[in-house]
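If you're wondering where the values come from, they're calculated on a predicted model, not measured in any experiment. Numbers here are sequence positions counted from 1.
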Amino acid sequence: MMLSRGRNFLHTPGPTNIPDRVLRAMAQPAVDFSTPEFLEMLRSIYVDLKRVFRTESGDVIIYASNGHGAWEAALVNALSPGDHVLVPGAGHFSINWAEMAEAFGIVVETLPGDCRHGIDPKAVAAHLQADTDHRIKAVLTVHIDTATSLLCDLPAIRKAIDDAGHPALFMVDTVAALGTVDFRMDDWGVDIAVGGSQKGLMQPPGLAFNAVSQKALDASDKATLPRLYWDWKRRQDEAYYKWFCGTPPEHLLFALREGLDMVFEEGLENAFVRHARLAEAVRRCIGVWARGNCISLNAVNPREAANSVTTILVDGGHDIEKFRLTCRDRFNVSIATGLGQSRGKAFRIGHMGFVNEPMIIGALAAVEASLGICGIPHEKGGVTAASEYLATA
Ligand SMILES: *Cc1c(COP(=O)(O)O)cnc(C)c1O
């Protein structure tokens, strides 16, 4: 095999590209974590994470874990065995979070839905209204489901809960959305927000978050699922060695400090605009490919299309794995295949975090070339449409 030179383009929807600055921030010795300097840095991270989640009244807990760990943390702190939860989303990540809840003896209620349309807030309101004895203790929603690439209208879900006059906690997985699209914990009445480091926040995998409202903290006082390592309250102790229930993941925290600096240098709003532009470029490109009558955007309604990742359906039984490996091994571009319902029938392009125009155009060009090599029908010129859009937007 030929030795390859140049960068690999990472366009999987997690992990995502890590800026050199963030990598360099980790290249330092371990430190005594009781020093004033380290504690000062830690405190500043909590303050800035609250700004990212847009919460003043809530609190943020940081775990040395991936997103699945923070999912579990959200469940075990807030719920008790036998509690019901409503999981209205049909995407793979909604289903996986629901399966995790079931493993803890929680009863999952779902709504009918498909993987190409977002959640219907009216159906959520109606379901909650019917729950007159308030057995449902939480509504679990995924902000951007990384399998379907659908964006959930969180304020509409909040309104649905309010319209039903239902006291359920509003739990949101914003792992694949945080830092890429608007998220407002306080304004949208989110009680528990689950985030991760390695998607929109340009971090190595390994840190995950629970942002928690006072209502969620109060619920945790009564919640009886066994917990110790994940326990929010233990980690809110005055004693700093309890903040991580043991040794803090120092190097990941050095990285996070640097990454948060980068987030605020750009400005959250500017990052949202950048993600919207790049995502639209991807969609314009797919719009051209789609004229070959084989490829289509998974999101049926354009306003539900996520800005951090795009799921592209491929009809006709083409070998998606061969196509993915062509992108990766011939063109050094990593994309992902379909998950859940669209496994074997879709591919996904991640465009979140540390990405810019040439990275997107380069990735799309490699994908277009690979479509050709693999004989997947498409109209040529998608990349041109993307760059033309970027030239004017
Ligand atoms: C990636 C992801 C997760 C899981 O995160 P891991 O770090 O892989 O455990 C959960 N939810 C969403 C929406 C994700 O994109």
Ignoring hydrogens, what is the shortest heavy-atom contact between [X] and [Y]? Give both atom names and the distance.
X      : Y      : value
Phe244 : Pro249 : CD2-CD, 3.5 Å
Pro248 : Leu253 : CB-CD1, 3.9 Å
Pro88  : Ile119 : CB-CG2, 3.6 Å
Thr146 : Ala176 : OG1-CB, 3.3 Å
Phe183 : Ala193 : CZ-CB, 3.7 Å
Val60  : Ala211 : CG2-CB, 4.1 Å

Taking Asp191 for its side chain and Ala216 for its backbone only, find out whether a donor-acceptor pair lies under 3.5 Å. no
Within this structure, what is the [atom1]-[atom2] distance for the pair [X] and [Y], rounded to the nearest 0.5 Å?
X      : Y      : atom1 : atom2 : result
Leu39  : Phe33  : CG    : CZ    : 9.0 Å
Arg135 : Leu86  : CZ    : CG    : 12.5 Å
Ile360 : Cys285 : CD1   : SG    : 10.0 Å
Met202 : Thr16  : CE    : OG1   : 8.5 Å
Glu304 : Ile144 : CD    : CD1   : 12.0 Å
Arg283 : Leu278 : CZ    : CG    : 10.5 Å

Does [X] share a hydrophobic cluster with [Y], counting links as ILVMFWY side-chain heavy atoms below 4.5 Å and allowing steps through other members?
X      : Y      : result
Trp232 : Trp243 : no
Val139 : Ile192 : no
Leu201 : Trp71  : no
Tyr63  : Val175 : yes
Leu75  : Val194 : yes

Are [X] and [Y] packed together at the side-chain level, in the sense that at least one heavy-atom pair is separated by less than 4.5 angstrom?
X      : Y      : result
His92  : Ile95  : no
Val367 : Phe323 : yes
Thr337 : Phe347 : no
Leu313 : Arg116 : yes
Phe254 : Val31  : yes
His127 : Ile136 : yes
Leu228 : Arg234 : yes
Lys199 : Ser308 : no

Any donor-acceptor pair under 3.5 Å linking the side-chain atoms of [Y] with those of [X]?
X      : Y      : result
Ser149 : Thr311 : yes
Thr180 : Asn307 : no
Asp173 : Trp97  : no
His143 : Thr174 : yes

Around [X], counting heavy atoms of other residues, nucleotides and ligands shown, do more than 12 lie under 6.0 Å from its [atom1]?
X      : atom1 : value
Arg330 : CZ    : no
Lys233 : NZ    : yes
Glu269 : CD    : yes
Lys159 : NZ    : no
Phe264 : CZ    : yes

Contacts of Glu99 meeting salt bridge (Lys or Arg N to Asp or Glu O under 4.0 Å) (sequence neighbours excluded), chain-then-number -> none
Classify the ring geometry between His378 and Trp289 as parallel (under 30°), tilted (30 to 60°) or perpendicular (over 60°). perpendicular
Would you please test His318 and Cys294 for side chain to side chain contact (heavy atoms under 4.5 Å, CB included) and show each step? CA-CA 10 Å; His318 293 276; Cys294 174; 3.9 Å; yes
Is there a side chain to side chain contact (heavy atoms under 4.5 Å, CB included) between Ile161 and Phe170 once you walk through the steps? CA-CA 8 Å; Ile161 300 170; Phe170 188 21; 3.8 Å; yes
Pair His11 + His351: ring centers closer than 6.0 Å: no
How about His275 and Phe272: are their ring centroids closer than 6.0 Å? no
Under a 4.0 Å threshold between the charged nitrogen and the carboxylate oxygen, would [Y] count as salt-bridged to [X]?
X      : Y      : result
Asp48  : Arg257 : yes
Arg184 : Asp187 : yes
Arg277 : Glu357 : yes
Asp153 : Arg303 : no
Lys242 : Asp237 : yes

Evaluate Gln236 against Ile61 for side chain to side chain contact (heavy atoms under 4.5 Å, CB included), listing each step before the verdict. CA-CA 8 Å; Gln236 287 182 313; Ile61 315 290; 4.0 Å; yes
For the pair Trp188 and Ile157, evaluate side chain to side chain contact (heavy atoms under 4.5 Å, CB included) and give the outcome as yes or no after the intermediate values. CA-CA 9 Å; Trp188 298 350; Ile157 304 298; over 6 Å; no
Verdict with reasoning, Arg7 to Asp20, per salt bridge (charged side-chain N to carboxylate O under 4.0 Å, His left out): CA-CA 12 Å; Arg7 290 206 186 248; Asp20 293 351; 3.4 Å; yes
Does the ring of Tyr229 carry Arg235 above it, NZ/CZ under 6.0 angstrom from centre and within 45° of its axis? yes
